[in-house]
Peer 1: 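Here you go, one structure.
In listed order, ligands and their atoms are each counted from 1.
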Amino acid sequence: MNRPAKRGQPRQLVGQPGRVELGGTTSSVRGVTMVAMVIETWRGDITTLEVDAIVNAANSSLRRGAGVCGAIFAGAGPELDEACAAIGYCAPGDAVVTPGFGLPSRWIVHTVGPVWQGGNAGEDTLLESCYRRSMEAAVAVGARSIAFPAISTGVFGFPPERAACIAVATVKSTSIPELDRVILVAFDDPTYGYYRRLLAG
Ligand code: APR
């Protein structure tokens, strides 16, 4: 049974074993190196995580969908349908926030990834924007930890390895001091392998 997240305290990852802590961005203060943000990967169901915010791979009309979107709506309960209907729309590459309702996470950041069209329609830039805007939206409501699914790599057809490269590069290069922890959640072995390799490199 997952415990509800308490604001302002370190969060524990729960669920199946397989968590690896692979890296973080660092800064140097008077010669002492400080870990500013830990980036890690974890394999499993994102809806089980006790973090401040989990990210939903949403559609523009913020309706209940399949894949991770379906799992998040199922876990959060009907209040999420109402909250999303009240917001009504999110542009591709942007992010909006709702409470987590029945989920262990306090917040859900809904971001709309690009639909893969062959790679020449700005898909990479839009995906990068999803990761960056989601982090910004999360800290705007006070989150210090955030977990991402592999946005766009399911129904939207983005090639998973290319998406993993963008996810890791964007999270590493986005400097948000208020964020302590970013978890890249993999739902399958190949994606978990990409994240492990990219975070180790
Ligand atoms: N936990 C973590 N990851 C998950 C989970 C889960 N419970 N369920 C699925 N995934 C993974 C998939 O394996 C995939 O790698 O999430 C990734 C994203 O897949 P989708 O959920 O299909 O999201 P996306 O490709 O961005 O398509 C979004 O699908 O469900 C609709 O409403 C949604 O229209 C939107 C579209």
Peer 1: How would you list, by chain and number, every residue that makes a ring pair (Phe, Tyr, Trp, His ring centres under 6.0 Å) with F73, sequence neighbours excluded?
Peer 2: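 Checked F73 against ring pair (Phe, Tyr, Trp, His ring centres under 6.0 Å); zero matches.
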Peer 1: Not counting sequence neighbours, list each pair that qualifies as a salt bridge (charged side-chain N to carboxylate O under 4.0 Å, His left out) and has a residue in residues 88-102.
Peer 2: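 Those involving residues 88-102 are D94-R133.
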Peer 1: State, to 0.1 Å, how close V112 and C90 come at their nearest heavy-atom pair, and which atoms those are.
Peer 2: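 Taking V112 first and C90 second, the nearest heavy atoms are CG2-O, 3.6 Å.
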Peer 1: Among side-chain atoms of D188 and T191, is any donor-acceptor pair under 3.5 angstrom?
Peer 2: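 There is such a pair between these side chains.
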Peer 1: Apply the hydrophobic cluster definition, ILVMFWY joined by side-chain contacts under 4.5 Å directly or through others, and give me every member besides V155.
Peer 2: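 Direct or chained contacts put V155 with V115, F156.
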Peer 1: Please test E50 against R106 for salt bridge (Lys or Arg N to Asp or Glu O under 4.0 Å), starting from the C-alpha separation and ending with a verdict.
Peer 2: CA-CA 8 Å; E50 293 182 35; R106 185 180 178 96; over 6 Å; no
Peer 1: Contacts table for ligand 1: protein N or O within a distance under 3.5 Å of ligand N or O, distances only.
Peer 2:
from, atom 1, to, atom 2, distance (Å)
ligand 1, 1 (N), I46, N, 3.0
ligand 1, 7 (N), D45, OD1, 2.9
ligand 1, 15 (O), T153, OG1, 2.7
ligand 1, 19 (O), G154, N, 3.3
ligand 1, 21 (O), V68, N, 2.9
ligand 1, 22 (O), V155, N, 2.8
ligand 1, 25 (O), S152, O, 3.4
ligand 1, 25 (O), T153, N, 3.4
ligand 1, 25 (O), G154, N, 2.8
ligand 1, 25 (O), V155, N, 3.2
ligand 1, 25 (O), F156, N, 3.0
ligand 1, 26 (O), S152, N, 2.8
ligand 1, 30 (O), A66, N, 2.8
ligand 1, 30 (O), A66, O, 2.7
ligand 1, 32 (O), N59, ND2, 2.7

